[in-house]
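Sequence positions, counted from 1, serve as the residue numbers for this chain. All values reported here derive from a predicted model rather than from experimental measurement.
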Amino acid sequence: MMDYQNPALPVERRVADLLSRMTLEEKAAQTCMVRGVEYATKPSDKQHCSVEPDTEFDWERLEKDFGQDGIGCIHDMYSTPVPFNKIQKYFIENSRLGIPAIFTGEALHGISGLRGTVFPCPVNFGATFDPDLIHEVGSAIGRETRALGMHEILAPNLDVARESRWGRIEETFGEDTYLSCRMAEAIITGEQKGDISRPDAVIAEPKHYCVHGIAEGGTNCSHARAGRREIEGCYLPVFETGIRKGGAYNVMVSYNSVDGDPLMCSEFYLKDVLKKRFELKGFCRSDWGGVARLKSEHHLVTTEKAAIGLAMRNGLDVQGCDMPPTFWKQSVIELAQEGSLSMERLDDICSRVLRVKFELGLFENPYTEETTYESVIRCKEHRDISHKVAQESMTLLKNDGILPLKEGFKSVALIGPSSAAQKIGGYSSTPQFPIPSVYEELKAELGDAVTVRQCNGCAITYDKKQPRIVDGQPHLYSEGEDEILDEVEEAIAIAGECDVIIMVGGDNTITSGEGRDRCELTLNGRQRELIEKLSGLGKPLILVLENGKPLELSRENEVCNAILMTWFGGESGAKAIVEALLGKFSPAGRLPLSLPRSSTRIPCYYSMLPGGAPEFLEGPKDALFPFGYGLSYTSFAYSDLTINKIGTFDVMVSCTVKNTGDMDSDEVVQLYIDDVESSVVTPPMLLKGFERIHLKAGESRTVTFHLDYDSFKLMDIRYVWTVEPGLFRILIGGGSRDIRLKGEVTL
């Protein structure tokens with residue numbers, strides 16, 4: 001037995017032994033990733049990245065393309081474990097050293113493909129302010145992904161989303177660094193479970209490293225303009241938390257540039273920060289098309305081969321289906337032979353890939369049990385977790401007392417393009433099971449006692465049915481809404497004959513998602529017109545929004561009696577909506593991002609630096625609904641603030657929160673800090689603690705926060721992290737603009 005085949009030896013010794021036996025060609029192969037669906041004889045006709053469970057593969061083509069050199073990773077082959085085991089067996093038995101492949105999949109809110117629980121979108125995760133629950137989501141995603149035969153997921157998205165026009169906000173946890181850090185640690189530890197060799201754990205690969213949520217102009221892939229202090233204080237901490245505290249092995253590198261430095265070939269961000277400072281255990285992979293952009297968009301080189309060399313020399317490890325794997329592999333070989341890529345660097349890359357494979361346990365257990373998934377995929381536990389996230393992320397923006405709906409009404413007009421077609425968001429699976437709509441759930445809940453009349457009224461978008469192509473890579477398929485008729489007047493007529501009007505609208509996968517950036521944040525299509533006409537009827541009007549990004553709701557806020565923002569609530573989102581409307585629970589989600597007063601008054605995130613004028617000629621520039629905002633069906637009182645300094649930088653803060661209403665509910669207690677005296681400009685407040693608690697009517701509870709060095713630190717005028725002596729204000733309340741208690745501490 002060779003050392004690398006001996007599981008009793010330390011991983012590093014096994015890596016070194018295997019590396020010493022590998023040829024240049026075999027090392028180059030480990031930097032490659034291939035789309036498995038392209039070699040399958042039975043690709044699925046239901047999703048372009050899936051294959052049928054009984055597929056075979058074009059073995060002759062695999063032999064021609066890879067010979068006995070093996071492969072690093074295989075992507076886009078969603079199926080049951082059988083096809084994964086077939087192709088894994090091929091690479092083990094037909095490569096000289098028997099090196100297994102890593103199978104990779106998308107799983108931002110559930111594993112992609114044709115199976116798997118559809119959880120609410122990550123922006124919903126942020127809205128829950130409940131890291132423990134999101135840890136459960138991560139654990140469920142890990143179980144389902146590994147049970148299906150995949151070892152690694154291209155998730156979570158750790159971008160801090162502060163550009164309201166950017167389409168990918170739905171993939172993030174929101175605009176705040178601290179909230180995103182807490183969620184990053186929670187979901188990654190759930191996915192990886194502390195031991196990636198477990199049969200229910202997967203490798204997390206956070207993206208898009210490292211400043212992507214402020215794309216200039218709001219358009220995907222665009223340049224990010226940010227200073228060093230902002231990058232270090234707002235964006236890098238989320239990735240550092242995901243890697244250091246969450247334990248993430250791998251990272252996907254963003255395809256944009258930061259201050260003129262393309263991340264795909266940034267020696268500073270890839271070597272100095274990611275690998276030296278953050279001590280990344282595994283490898284960093286290019287986002288799709290990212291390396292090619294060094295030539296086509298950034299104009300740093302004139303050939304794609306030169307782009308590969310530039311990226312790999314400066315710290316990139318493996319490709320993410322960036323170019324044909326045969327071209328990539330041959331380019332790496334030639335670059336090494338020419339001396340443009342040192343063997344020392346190639347060995348480092350190969351060692352990182354092999355280390356991950358050894359820690360996954362693939363050399364001992366390369367195959368997946370082929371029936372376990374049947375009892376894991378969409379099991380009751382996972383569906384219950386999904387439903388709870390949908391409930392906890394419900395964010396009540398306005399309520400004049402109409403909600404929860406009281407008994408006594410005899411008819412409901414259910415209007416809007418999402419009333420009979422539930423939206424689940426981008427990067428989801430393609431469900432082969434029915435997703436109930438609000439219409440179906442409301443009828444089932446109300447029964448025969450109440451008449452429910454439904455009419456779409458208008459579409460969100462009238463788009464021709466076509467594949468969505470984003471930078472050459474088909475990510476999703478969206479059918480648009482050609483089938484929805486323009487029937488505003490019919491909707492008004494129906495609503496006029498009913499006691500209560502519920503309008504369900506918002507976004508779809510054309511107005512929100514990757515490559516779906518918008519410069520206008522009002523409800524798309526004729527939705528606002530429909531809402532205004534409905535409001536003219538003088539009936540109670542409730543607006544329910546299924547959306548993936550900030551919306552401008554100034555007019556809706558004026559004419560609607562209640563607004564419930566539900567984001568994209570996953571496979572049981574409609575049920576959660578109906579439960580909230582009927583008072584089965586009290587909504588307690590909080591905005592993970594700020595909603596602007598108009599599409600032109602952005603950015604408006606709560607932690608903007610002070611110094612600018614507070615108003616435009618047209619009015620205030622702050623958010624209409626700020627970060628952390630959210631109403632409830634009950635009320636809460638805050639009292640008894642105590643601040644105790646227990647160490648140089650350690651401070652214990654506590655307060656009492658009481659449910660003063662007549663309904664049980666959650667409350668999200670938020671703690672912000674204001675650095676009153678500082679050597680550099682700091683935000684007026686920064687979130688540094690939160691806790692979601694459940695209180696019965698009349699119940700009180702003491703909530704305690706432990707603040708430490710990280711809570712008070714800043715990057716000073718010389719770019720050094722420090723806690724500067726002076727006064728700090730402690731602000732506690734139900735939102736960034738709902739501060740109930742104020743205190744001070746001097747450090």
Task: Listed partners of Tyr633 passing side chain to side chain donor-acceptor pair (under 3.5 Å), at least two apart - done: none

- [ ] Check side chain to side chain contact (heavy atoms under 4.5 Å, CB included) between Ala127 and all other residues, then give those that pass, not counting sequence neighbours.
- [x] Ser393, Thr395, Trp567, Pro592

Open item on the list: I'd like to check the side chain to side chain contact (heavy atoms under 4.5 Å, CB included) partners of Ala215; sequence neighbours left out, ordered by chain and number.
Closed with: Trp166, Ser222

Backbone N or O of [Y] within a donor-acceptor pair of the [X] side chain at under 3.5 Å?
X      : Y      : value
Glu556 : Ile563 : no
Asn644 : Met652 : no
Thr566 : Leu545 : yes

Decide whether [X] and [Y] meet the rule of one side-chain donor and one side-chain acceptor closer than 3.5 Å.
X      : Y      : answer
Ser665 : His694 : no
Ser139 : Glu191 : no
Ser678 : Glu724 : no
His387 : Glu579 : yes
Tyr427 : Glu514 : yes
Ser266 : Asp261 : yes
Ser632 : Thr634 : no
Ser654 : Thr642 : yes
Asn561 : Asp400 : yes

Open item on the list: Within a 6.0 Å radius of atom NZ on Lys245, are there more than 12 heavy atoms belonging to other residues, nucleotides or ligands?
Closed with: no

- [ ] Can you establish whether the number of heavy atoms outside Arg277 located under 6.0 Å from its atom CZ is more than 12?
- [x] yes

Open item on the list: Tell me whether the rings of Tyr606 and Phe627 are parallel (<30°), tilted (30 to 60°) or perpendicular (>60°).
Closed with: parallel

- [ ] Would you please classify the geometry between the His208 ring and the Tyr255 ring as parallel, tilted or perpendicular, with 30° and 60° separating the classes?
- [x] parallel

- [ ] Taking the six-membered ring for Trp and the full ring for Phe, Tyr or His, determine whether the centres of Tyr672 and Tyr178 are under 6.0 Å apart.
- [x] no

- [ ] May I ask you to check if Arg244 and Phe278 form a cation-pi contact, with NZ or CZ under 6.0 angstrom from the six-membered ring centre and within 45° of the axis?
- [x] no

Task: Option from Lys658, Arg692, Arg590, Arg701 for which salt bridge (charged side-chain N to carboxylate O under 4.0 Å, His left out) with Glu667 holds - done: Arg590

- [ ] Output yes when Glu163 and Arg165 qualify as a salt bridge under the 4.0 Å nitrogen-oxygen rule, no when they do not.
- [x] yes

